[in-house]
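Notes follow the structure.
Counting starts at 1 for both ligands and their atoms, in listed order. Atom set for the values below is all heavy atoms of this structure, side chains included, hydrogens, waters and symmetry mates excluded.
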Amino acid sequence: MTTTPGVRVRVPGKVNLELRVGPLRPDGFHTLATVFQAVSLYDDVTAMPHGRITLTVTGEQAGAVPIDDTNLAVRAATALAAWTGVEAGVALQVHKGIPVAGGMAGGSADAAAALVACDALWHTGCTRDQLTTLAADLGSDVPFPLLGGTAIGSGRGERLTSTMTRGTFHWVIALADEGLSTPAVFAELDRLRMAGGADATGVEEPQLDDALLQALRAGDAHALAARLANDLQEPACELRPALHRTLEVGCAEGALAGIVSGSGPSVAFLVDGPRAALEVAVALTASGVAGDVRRVHGPVPGARAVEAVRA
Ligand code: C5P
């Protein structure tokens, strides 16, 4: 019997350490200034040879992931095939560890991993720059999981510059049972701004905080905690009021700071090391404010082939 090699790619989720949302652009996106950090919560995407492009999903909240042509990983494989002129198909298998619709770019991570996996499977030989260009067309958050580490994002979040950090930061992630829609959270921000008298298109250009970047360079978790900020936190809490309580509990139980991750509803707590992580995780679990809890660290590398898979 002959065996057919496939490829397995591991890809991380992300937390936005700072997320500043600027004006609403004519194309419906907002100008962003953000700092992404890849954290050790992973999806695995396996690509096996197949006649067509197909997808199966396993793991946590797998039932909440669409498996038709709207799935971002399927769109990524389709886009790569079209761009390179490859006529082969692929059986994609996604194993979820990143929360679905959780504000940690899980769907975007799957798309990034699908690009890397299909590029290897089909021997298309794309450069990282070419994959990044394809990734940016698929979604604002797709380029970052290709890169990993810690990076500044501008434009609509897709333009990246890696930034230096020292050491490892420890996080506890409080997961919610049900996701939030990213467009709904951005729309709620616009609504809140308009209710406050501002025009969504006339908001100032977003700026990052130098002190946050300095804290990252120094590897100083206490200084970083004081600077975590997310303009989407208020609208996410408005749409999901239970998040106020989650934030309160984590901070009362020893986290240095808590922040809604991206558009939420996952909440990321920065802690002072693995021991504090365990204490905060136990307290969050016991309090019942989180659907589930994960202890993670960052920064970690972006999408990487971890093994060849034999059929
Ligand atoms: O780029 P992506 O497909 O992930 O964006 C999903 C939605 O999130 C957009 O259609 C838009 O409503 C909102 N968004 C935004 N500004 C951004 C990124 C996303 O308004 N910079």
Query raised in the report: Nearest protein heavy-atom contact for atom 1 (O) of ligand 1: which residue, which atom, what distance?
Result: S140 OG, 2.5 Å
Query - Atoms of ligand 1, numbered as shown, that sit under 4.0 Å from any heavy atom of R156 - result: 1 (O), 17 (C), 18 (C), 21 (N)
Report task. Starting from atom 11 (C) of ligand 1, find the nearest protein heavy-atom neighbour and note its residue, name and distance. Result -> G28 O, 4.1 Å
Report task. Could you tell me whether atom 18 (C) of ligand 1 has at least one protein heavy atom nearer than 4.0 Å? Result -> yes
Report task. Look at R166 together with D220 and state whether they make a salt bridge at an N to O cut-off of under 4.0 Å. Result -> no
Query - Closest protein heavy atom (residue, atom, distance) for atom 10 (O) of ligand 1 - result: F29 CE2, 4.2 Å
Report task. Group every Ile, Leu, Val, Met, Phe, Trp and Tyr by side-chain heavy-atom contacts under 4.5 Å, then state whether V289 and L239 land in the same group. Result -> no
Query raised in the report: If you look at every heavy atom in G157 and F36, which pair is closest and at what distance?
Result: O-CE1, 3.5 Å
Query - Side-chain donor or acceptor of R156 paired with backbone N/O of A136 under 3.5 Å - result: yes
Report task. Ignoring hydrogens and angles, tell me if any N or O in the side chain of S261 forms a donor-acceptor pair with the backbone of V15 under 3.5 Å. Result -> no
**Report entry** Heavy atom of D141, distance to ligand 1 below 4.0 Å
**Finding:** no
Report summary line: Nearest non-hydrogen protein atom to atom 7 (C) of ligand 1, with distance, is P183 CG, 3.8 Å
Query raised in the report: Is it the side chain, the backbone, both or neither of F186 that has a heavy atom closer than 4.0 Å to ligand 1?
Result: side chain
Query - side-chain contact (heavy atoms from CB on, under 4.5 Å) partner of F269, the single match among L256, I173, L284 - result: L284
Query raised in the report: Where the side chain of D141 meets the backbone of S108, is there a donor-acceptor pair that is under 3.5 Å apart?
Result: no
**Report entry** Given N16, T163, T165, T150, the one that forms side-chain hydrogen bond (donor to acceptor under 3.5 Å, both in side chains) with Q37
**Finding:** T150
Query raised in the report: Looking at atom 20 (O) of ligand 1, what's its closest protein heavy atom, distance included?
Result: H30 ND1, 2.7 Å
Query - Numbering as shown, the atoms of ligand 1 that approach G139 to under 4.0 Å (heavy-atom distance) - result: 1 (O)
Report task. Show which atoms of ligand 1 fall inside a sub-4.0 Å distance from at least one heavy-atom site of T182. Result -> 8 (O)
